[in-house]
Amino acid sequence: MSSSVEVQVVRGGCHHVPYGATALDVLTLEDEKRLADVYAVKVNGVVDDLSVPLRAGASLEFLTRADEETLEILRHDTAHLMAQAVKSLYPETKVSIGPVIRDGFYYDFARDKPFTPEDLERIEARMHELVAEDYAIERLEVDRDEARRVFTDADEPYKVEILESIPEDESLRLYRQGDFIDLCRGPHFQSTGRVGGAFKLMKVAGAYWRGDSSREMLQRIYGTAWFDGKALRGYLERLREAAKRDHREMGKVMDLFHFQPEAPGAVFWHDKGWTLFGVLIDYLRQRQKQAGYEEISTPEVIDRSLWESSGHWQTFREHMFTTDTEDGRVFAVKPMNCPGCVQVFRQGTMSYRDLPRRMAEFGKVHRYEPSGALYGLMRVRAFTQDDAHIYCTPEQMEDECCAIVDMLLSVYRDFGFEDVRIKFADRPQVRIGSDEAWTRLEQGLLGALKRMKLDYTHNVGEGAFYGPKLEFVLRDALGRDWQCGTVQVDVNLPARLGAFYVGADGDKHHPVMLHRALFGSLERFIGILLEHYAGVLPLWLAPVQGVVMTITEEANDYAEKVCAAFRSKGVRMALDIRNEKIGYKVREHSVAKVPYFVVVGAEECREGTVAVRSSKKGAEQQSRPLAEAVAALAQEARMPSGVPSQENV
RNA sequence: GCCCCUGUGGCUCAAUUGGUAGAGCGACCGCCUUGUAAGCGGUAGGUUGCAGGUUCAAGUCCUGCCGGGGGCACCA
């Protein structure tokens with residue numbers, strides 16, 4: 001009997017093909033001219049190779065460059081191509097894994113000698129040769145024993161280890177191009193020639209085998225790949241643009257802060273940076289006051305015994321700075337504010353009627369972070385948290401969580417962040433407290449998210465040692481994610497540190513303690529802000545909101561008067577009466593990202609006016625009476641919540 | 001902490017195969033009195049991150065430490 005199967009092409013025809021026919025065969029039948037445009041196929045919605053044998057009733061959708069999945073395959077192919085090139089140039093190298101990542105791919109290799117930048121060039125050149133040689137990429141379905149034999153014979157121990165960790169019931173597949181064979185679930189293009197030439201190897205880095213720091217370190221080569229040179233160049237250009245908005249660079253050109261070797265991971269804030277810091281605190285103080293918070297401040301250096309009671313000494317010791325004093329006591333510099341806050345809560349007897357109590361603290365904490373983790377303002381060893389602890393009854397917990405999340409998202413909106421990712425982190429391996437308590441708290445947080453109808457991702461085992469948490473993540477210029485806000489629920493610390501309230505039943509109870517931060521770290525938030533705005537901060541945040549510049553020295557007295565007028569209305573105005581041409585001054589303050597220029601010359605002196613313009617390129621300048629200009633700018637500089645911008649010039 | 005790269009005046013960068021440090025900007029001093037992104041001239045400023053080593057000779061090569069960058073791991 002003829003064993004043919006019937007398949008349907010999406011937006012195409014229905015075909016009868018012999019049993020064993022492939023998607024490629026169908027494509028040839030369908031429209032031979034499309035062969036060059038089609039790279040892969042979706043069979044019943046699943047992306048696969050064009051060489052996939054078809055079953056009866058299959059629905060086929062051919063994928064071209066226009067499909068997102070195709071670009072992923074291209075990058076995966078490029079990773080294999082790189083591994084093939086590496087093996088051909090450096091046969092002693094062992095291969096491991098090579099996945100697709102955002103904008104590209106990487107492949108981890110084991111080799112005694114490090115890959116140098118010159119090696120990367122050689123590898124890249126070899127990759128281009130392999131593309132030109134256009135090897136067929138063959139798909140081989142094999143059983144476990146055969147696969148094990150292949151990689152044992154090839155002396156590829158990492159591949160064998162991966163093989164062993166794949167569940168028994170899963171099928172295995174190999175791909176071969178030339179003499180290079182890889183264990184891979186695919187899919188791939190039909191030949192190496194289809195990869196084209198728009199790829200670039202970017203950097204070498206160390207990476208632990210299987211992400212485990214107790215295992216050996218492999219060499220990871222990162223690359224990027226695109227369908228054409230234009231897309232590749234565009235990507236490289238985007239990287240250059242992103243690097244320009246690096247907050248460390250902004251810190252320099254805007255004169256905000258610096259670091260130096262004697263205090264690794266600790267910020268030296270300059271006047272302008274500290275002004276910005278102060279604006280953030282002023283803003284939050286207003287918001288917190290409106291939301292019914294108290295504000296406290298607790299000691300930075302506290303005796304070891306308190307940290308033992310709180311559990312930090314047992315679980316957080318390696319991250320703590322300690323100090324010995326001549327009386328033989330051991331103190332720790334606080335890595336967290338919570339134990340101190342509980343001490344304030346414990347003063348006096350609390351009634352359930354006093355709850356919830358919302359206690360905020362702009363607490364500066366120190367954590368001994370691994371040296372390799374330090375990164376500008378984003379990851380430091382000393383930072384200021386906009387911390388708060390809310391003590392409430394179990395019944396109040398969900399409402400309080402909702403109020404925090406609501407406030408957090410509203411605050412982020414005020415700063416121009418609309419797209420906020422939320423992660424839910426549950427119990428970690430190392431933790432304190434009973435499993436029942438953990439379950440209750442995790443349910444509480446999830447309940448709040450559900451009520452607020454918010455999407456989130458689940459971070460398994462990433463909670464704090466004392467309780468589960470919600471994390472609010474913002475993204476920096478280079479696409480890295482940073483956790484800023486957080487809400488954590490905790491019933492352990494109140495118990496450990498003896499925090500009580502007297503309930504309606506007349507008995508003592510431990511309150512639920514919510515730990516929350518909106519910015520998380522003011523340092524980090526400032527870093528993100530700088531990158532988000534490429535230094536061009538909204539007026540209310542700009543450390544210097546405007547600068548009064550003179551044309552000639554005969555306007556000096558008037559300029560001082562003008563500057564004072566702005567300052568008296570709370571506008572952070574600088575004065576530039578240097579003996580320089582106006583073009584020189586304009587350029588300098590443009591580079592420093594000052595939002596407004598106020599120019600005064602002979603004419604303005606005479607008329608009692610000022611020439612104002614925004615520093616944005618091509619902005620119109622406007623000549624207007626001084627009082628009018630002051631009122632307008634003061635109005636525009638107000639904080640988003642309606643609170644006037646602070647006066648501190 | 002681990003891997004790779006890297007460290008030159010305040011900043012950005014030069015210095016042929018190892019031959020004993022240069023420029024621009026900035027600063028300072030003058031001149032210019034200026035109308036919206038760099039006016040002109042002059043002066044000062046560096047034991048080339050630190051400590052060793054190799055060499056007749058080290059900014060250039062080697063080792064260690066410290067910092068920085070890119071990753072990994074860890075995390076706000």
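Below, chains carry the letters A, B, ... as their sequence lines are ordered, and counting in each starts from 1. Because the structure is a prediction, the values reported are computed rather than measured.
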B/C66 to B/C50 separation - C1' atoms, rounded to the nearest Å: 7 Å
Whole-Å gap separating C1' (B/C74) and OH (A/Tyr368): 13 Å
is_close_aromatic(A/Trp269, A/Phe277), centroid dist under 6.0 Å: yes
Over 12 foreign heavy atoms within 6.0 Å of CD, A/Glu620: no
P gap between B/G52 and B/C13, integer Å: 30 Å
Atom CG of A/Asp455: over 12 foreign heavy atoms under 6.0 Å: no
d(CE, A/Met549; C1', B/U36) in whole Å: 7 Å
Donor-acceptor pair (no angle test) under 3.5 Å: A/Glu369 side chain, B/G1 base: no
Watson-Crick or G-U wobble partner of B/G46, both distances under 3.5 Å: none
Closest listed nucleotide, where the reference is the side chain of A/His319 and the choices are B/C74, B/U12, B/G71: B/C74
C1' atoms of B/C75 and B/G71, separation to the nearest Å: 16 Å
N/O donor-acceptor pair, side chain A/Arg379 with base B/C74, under 3.5 angstrom: yes
Presence of donor-acceptor pair under 3.5 Å, side chain of A/Tyr375 and base of B/G68: no
Below 4.0 Å: OP1/OP2 of B/C4 and any side-chain N or O of A/Arg111: no
Side chain A/Glu523, main chain A/Val380, donor-acceptor under 3.5 Å: no
A/Tyr584 vs B/C25: side-chain N/O to OP1/OP2 distance below 4.0 Å: no
B/G49 to B/U8 separation - P atoms, rounded to the nearest Å: 6 Å
Sugar-phosphate only, base, or nothing, as touched by A/Ala207 at under 4.0 Å among non-hydrogen atoms: sugar-phosphate
Under-4.0 Å side-chain N/O to phosphate OP1/OP2 contact, A/Ser213 with B/C2: no
Atom pair distance, as rounded to whole Å: CZ in A/Phe268 and P in B/G10: 16 Å
Under 3.5 Å on both distances, the Watson-Crick or G-U partner of B/G1: B/C72
Gap in Å between the two P atoms, one belonging to B/U54 and one to B/C5, rounded: 25 Å
Listed nucleotide nearest any side-chain atom of A/Arg587, set B/U36, B/G67, B/A38: B/A38
B/A76 base stacked by A/Phe383 (centroids within less than 5.5 Å, tilt under 30°): yes
Inter-nucleotide P distance (B/U16, B/G59), Å rounded: 13 Å
Evaluation steps, salt bridge (Lys or Arg N to Asp or Glu O under 4.0 Å), between A/Lys364 and A/Glu300: CA-CA 7 Å; A/Lys364 185 166 187 180; A/Glu300 304 202 348; over 6 Å; no
Partner nucleotide of B/A23 by Watson-Crick or wobble geometry (both distances under 3.5 Å): B/U12
Atom-pair distance (CZ on A/Phe362; P on B/A76), nearest Å: 20 Å
Pairwise C1' distance for B/G35 and B/A23, with rounding to whole Å: 33 Å
C1' atoms of B/A27 and B/A44, separation to the nearest Å: 9 Å
Parallel, tilted or perpendicular, as decided by the 30° and 60° cut-offs, for the rings of A/Phe519 and A/Phe525: parallel
OP1 or OP2 of B/U12 under 4.0 Å from side-chain N/O of A/Lys252: yes
